[in-house]
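Here's the structure we're looking at; comments come further down.
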2 protein chains.
Amino acid sequence: MYSQIAFPPSHYADRTARTDISKSFPPSIIEDTQLHQLVVFAPNAEIYAQGEPTSSLYQVEFGTVRIYRLLADGRRQITAFHVAGEFFGFEADDAHHFFAEAVDRCGIRICQRPLDKGLASELLPIALDALVRAQKHLLVIGRQCAGERVAAFLIDMMERQGDMRHVELAMSRTDIADYLGLTIETVSRAFTKFRERGYIRLKSARTIDIVDVDALRILCA
Amino acid sequence: MYSQIAFPPSHYADRTARTDISKSFPPSIIEDTQLHQLVVFAPNAEIYAQGEPTSSLYQVEFGTVRIYRLLADGRRQITAFHVAGEFFGFEADDAHHFFAEAVDRCGIRICQRPLDKGLASELLPIALDALVRAQKHLLVIGRQCAGERVAAFLIDMMERQGDMRHVELAMSRTDIADYLGLTIETVSRAFTKFRERGYIRLKSARTIDIVDVDALRILCA
DNA sequence: CGCATCTTTGATAAGTCTCAATAATCGTGG
DNA sequence: CCACGATTATTGAGACTTATCAAAGATGCG
């Protein structure tokens, strides 16, 4: 009798292992005052690791950051990408619950302000916004099929870049797959399908012209 | 040529439609002061709807609450369950982004405190905790298979009920499925598998004895 | 006790993953 | 500037997991 219920796959480590940062340069500190540092990270450099003590609030100056968690066997879920202007890295207790890495070369403002009531009231709307984003992403991952997920991702990136006719993706197909709970092959096939249907044009794998925004919007409901 | 990429299914409305609350009783107000109301909701009663103006902070006194979002075709994703003591319903802007419903009969303390700096510093850790929970759930839904998801759900419910040998589930298989991004059939088969393997005993569909916690823990990594 | 609802089980279909190979791109050094 | 190797992306075929459809069984409420 075949029960139809699968149990954990043997391993995934080859496909979604944590980025090897051995080749990346150490971050360089550009500015340094009592409360602020502007630090530049090379592509794939680690900003902080899960379990590290929380010390700071981070703000993206330029570039893109990925926040993720891992399973013991190497399966990875990227929970968020952050772009210029956005905050991340604040936690309720004294240890980071996630990893943060630079996707491309990026500048991060690291802020050491003590968590007083003033900061709390500034942080609360940011935290609530992050919560809404995460919960909306749960709907995408939990209830939408591959094509819908990729469409939702493209729409989101377009809106964050403020241009509904063109998108520049900082991240690889692997990052997109780990953000959407898919494999790189499935993500790639969705892009191909969009191209075949005339929704997008791929100037290169990461440089995309949007031909039919409405089609993408309808797709992700 | 078959592209391997699926597009949205025709409809799901029959399976995961929003709960029909036409039969439920109006909520009854038990206590009422300037800042506090204790309101009792019947099973499946709506606490607030997506789009409604936010007015309050909610705390569960007893019972279980589900928070969810819908797609246009009725697909539903439950983003969180809340049990006694937990807060929910605070939002960054002036409209609710989600629906909240009573799973079983439950008492909700509705609080009208103005959002000042004092409240913000109380709320921030709660919001951050909710954010961490949502992001951890993203990993479960995005990267774990059916058996792992159900195991993770059981472990979570056990820990929240403070008893590692027994769980009482307030919610139906439909709710569990919509929380885990599965179908009720798949959830049911996972329970059956756990029973066959001797991990759990089902006294009824919602009354569960845990025989082998470690097996469940290992399963969800 | 009976009916509606919820849950389980089975058979089949559909969607995504896996494995494999090819193609394109990027960075580096000649 | 081109050649080369390494990385990244695309495409194809087949396997596997979960969804769908259908029906039977259990549970709970009036």
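Computation of the quantities below employed the complete heavy-atom set of this structure, encompassing side-chain atoms and omitting hydrogens, waters and symmetry-equivalent molecules. Throughout, a chain's letter reflects where its sequence line sits, starting with A, and its residues are numbered from 1.
- Following rounding to the nearest Å, A/L202 (CG) and D/dT8 (C1') show an atom-to-atom distance of 14 Å.
- The CD atom of B/E196 sits 11 Å away from the C1' atom of C/dT8 (whole-angstrom rounding).
- Nucleotide C/dT22 holds its C1' atom 13 Å from the CD atom of A/E185, rounded to whole Å.
- Nucleotide C/dT25 holds its P atom 13 Å from the CD1 atom of A/I208, rounded to whole Å.
- Dashed line: the shortest gap from a side-chain N or O of B/R173 to OP1 or OP2 of C/dT9 is not under 4.0 Å.
- B/S188 comes within contact range of at least one nucleobase, with a heavy-atom separation under 4.0 Å.
- Put simply, the side chain of B/R69 gets close to the backbone of B/H97: a donor and an acceptor are under 3.5 Å apart.
- For A/R105, the CZ atom sits in a loose shell: 12 or fewer heavy atoms of surrounding residues, nucleotides or ligands are nearer than 6.0 Å.
- A/D178 has its CG atom 13 Å from the P atom of D/dT8, to the nearest Å.
- Atom P of nucleotide C/dT7 and atom CZ of B/F191 are separated by 10 Å, given to the nearest angstrom.
- Figure legend: A/R173 and A/F191 shown as a cation-pi pair, the cationic atom lying under 6.0 angstrom from the six-membered ring centre and within 45 degrees of its axis.
- Note that the CD1 atom of A/I155 and the CE atom of A/M164 stand 5.0 Å from one another [nearest 0.5 Å].
- As judged by a 4.0 angstrom heavy-atom cut-off over every strand, A/R149 is placed among residues making no nucleic acid contact.
- Between A/T192 and D/dT10 there is no side-chain polar atom (N or O) within less than 4.0 angstrom of OP1 or OP2.
- A close approach under 4.0 Å does not occur between any side-chain nitrogen or oxygen of B/S204 and OP1 or OP2 of D/dT27.
- Across A/F88, A/F62, A/F87, A/F98, a single residue satisfies ring-ring contact (aromatic ring centres under 6.0 Å, His included) together with A/H82, and that is A/F88.
- As rounded to whole Å, 11 Å separates atom C1' of C/dT9 from atom CZ of B/R195.
- Which of D/dA19, C/dT16, D/dT10 sits closest to the side chain of B/T186 comes down to D/dA19.
- Atom CD1 in A/I176 sits roughly 14 Å away from atom C1' in D/dT10 (whole-Å rounding).
- With hydrogens and angles ignored, a donor-acceptor pair closer than 3.5 Å exists between the side chain of B/R189 and the base of C/dG10.
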